[in-house]
S.K.: 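Sharing a structure with you now.
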Amino acid sequence: PMANRLEELAPLFDCIQDVALEPKWRLVPFHAVHAEGKTEVSGARNLDTLRLRLGPRMLRRRRAEILRDLPPRTDTTVPVELTEAQRIEHDALLQPIARLAAIARSRPLTQAEFLRLMSLLTTQRIAANGIALLDFTKVWPAISSVARPDEALLRSLCSPKLLELREIVRQIAVGQARKIVVFSQWVRMLRLAHWAVADALGDAGLRAVFFTGEEGAKRRTQNLVELHDDPAVRVLFASDAGGVGLNLQRAASACVNLESPWNPAVL
């Protein structure tokens, strides 16, 4: 609540102990900092006093306190070799990236140059995921109607991660009856991934659901409920929309990152 407005603390605590923050009219005058010559609140002060008043009525679970209650995590890196087509697309961008990097060593990049560099690096990451993702608008209409893709079709897409994911889903979701969260930065990659594993799940009477920006809030909530409560829902395909604030450890025991994010904190 401190990220919003100080006065919002009062109604939040009314349901716990309505006198905890009395007199409530003092919250803003005593704790708010106003920008010079302006009425809007720009910060907070006297927070030690506020902490003392709220402390006995707050429960905060810190990472160090709960790690001992969690099962150990096993990280497995699955190496996937680039196809020749992927390598060509990826390496074709090395020179323009190197030129921009050389400029950055001598002076700050302009906004246009920086955006160009980020675009090139992102395109390399897309190519590493597969040519099917890089050329999605051309590839998807041709393959989306194929209900049971065979290995030859999957290999023709130059997206070897899809073949690897298919095996992981067969082993963990079907063979071990465990639930999996599959993450990707790109919703299109998740659509390709679902297409690649749907028949393997369907043959076992299982299915997958999505948590991305393309579903409405109600649909996303329903998908999470089904992941937790429906034994037939074994896979959740999630984009960055599901990267923060979701507690899925009771539902799923495995997570597959189709690509590693640049930011270690995000990972």
Side-chain angles (χ1 to χ4, degrees), residues 1-75 114 118 178-185 187 190 209-230 233 236-257 260-267:
M2 292 299 293
N4 298 317
R5 295 194 299 271
L6 283 165
E7 58 266 34
E8 291 181 4
L9 279 169
L12 285 172
F13 272 84
D14 278 347
C15 63
I16 302 170
Q17 188 177 19
D18 58 359
V19 296
L21 293 175
E22 291 290 354
K24 295 170 186 173
W25 63 265
R26 292 185 71 232
L27 268 177
V28 174
F30 189 68
H31 293 292
V33 174
H34 296 274
E36 187 174 350
K38 297 183 179 179
T39 58
E40 62 263 24
V41 175
S42 61
R45 59 194 173 100
N46 301 321
L47 293 182
D48 287 341
T49 302
L50 197 58
R51 290 191 188 99
L52 283 174
R53 298 183 72 182
L54 300 181
R57 302 166 182 88
M58 292 184 69
L59 175 64
R60 181 181 180 190
R61 302 175 72 215
R62 301 186 181 209
R63 180 178 174 86
E65 296 168 352
I66 65 169
L67 278 181
R68 62 179 178 271
D69 299 326
L70 297 175
R73 190 181 83 181
T74 301
D75 292 335
F114 176 78
M118 291 299 101
R178 295 164 59 194
K179 299 198 176 192
I180 309 173
V181 177
V182 178
F183 269 110
S184 177
Q185 178 182 343
V187 175
L190 295 176
V209 293
F210 283 79
F211 193 100
T212 72
E214 292 190 347
E215 297 81 41
K218 186 175 181 180
R219 180 69 261 176
R220 287 200 299 267
T221 301
Q222 181 60 35
N223 286 349
L224 292 181
V225 170
E226 292 178 7
L227 178 71
H228 280 81
D229 299 336
D230 188 345
V233 176
L236 174 72
F237 290 103
S239 68
D240 289 343
V244 179
L246 288 183
N247 294 313
L248 302 175
Q249 58 265 39
R250 185 174 67 83
S253 61
C255 175
V256 176
N257 287 295
S260 294
W262 282 328
N263 187 343
V266 175
L267 179 61

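The analysis underlying the following values was restricted to heavy atoms, covering all of them including side chains, and did not include hydrogens, waters or symmetry mates.
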S.K.: Check whether any side-chain N or O of R53 sits under 3.5 Å from a backbone N or O of E22 as a donor-acceptor pair, and report yes or no.
M.R.: yes
S.K.: Filter on salt bridge (Lys or Arg N to Asp or Glu O under 4.0 Å), then keep only pairs touching residues 213-225, sequence neighbours left out; what's left?
M.R.: R219-E226
S.K.: So, does N257 use its side chain to make a donor-acceptor pair with the main chain of S184 at under 3.5 Å?
M.R.: no
S.K.: Rounded to the nearest 0.5 Å, how far does CG of L248 lie from OG of S253?
M.R.: 11.5 Å
S.K.: Can you tell me if K179 uses its side chain to pair, donor with acceptor, with the backbone of L227 under 3.5 Å?
M.R.: yes
S.K.: Please check: side-chain N/O of R45 versus main-chain N/O of V33, any donor-acceptor pairing under 3.5 Å?
M.R.: no
S.K.: From D240 CG over to T212 OG1, what is the distance, rounded to the nearest 0.5 angstrom?
M.R.: 10.5 Å
S.K.: Going by heavy atoms in the side chains, are F211 and N223 under 4.5 Å from each other?
M.R.: no
S.K.: CG/N46 to CZ/R51 distance, rounded to the nearest 0.5 angstrom?
M.R.: 11.0 Å
S.K.: Hey, is the main chain of A44 close enough, under 3.5 Å, to the side chain of H31 for a donor-acceptor pair?
M.R.: no
S.K.: Please report the C-alpha distance between T49 and F30 in whole Å, then the side-chain angles of each, then the deciding distance to 0.1 Å, and finally whether the side-chain contact (heavy atoms from CB on, under 4.5 Å) criterion is met.
M.R.: CA-CA 10 Å; T49 302; F30 189 68; 4.2 Å; yes
S.K.: Does the side chain of L27 reach to within under 4.5 Å of the side chain of L50, using non-hydrogen atoms?
M.R.: yes
S.K.: Let me see the working for E8 and F13 under side-chain contact (heavy atoms from CB on, under 4.5 Å), right down to the final yes or no.
M.R.: CA-CA 9 Å; E8 291 181 4; F13 272 84; over 6 Å; no
S.K.: Mind running side-chain contact (heavy atoms from CB on, under 4.5 Å) on L236 and I180 for me, showing each step along the way?
M.R.: CA-CA 6 Å; L236 174 72; I180 309 173; over 6 Å; no
S.K.: Where is the tightest heavy-atom contact between G213 and S239, given as atom of each residue plus distance?
M.R.: N-OG, 4.0 Å
S.K.: Under 4.5 Å between any side-chain heavy atoms of Q222 and V209, yes or no?
M.R.: no
S.K.: As a quick check of understanding, evaluate side-chain contact (heavy atoms from CB on, under 4.5 Å) for L190 and F210, giving each step before the final call.
M.R.: CA-CA 9 Å; L190 295 176; F210 283 79; 4.0 Å; yes
S.K.: Under a 4.0 Å N-O cut-off, is there an ion pair linking D14 with K24?
M.R.: yes
S.K.: Measure the shortest side-chain to side-chain distance between L54 and L21 over non-hydrogen atoms and say whether it is less than 4.5 angstrom.
M.R.: yes
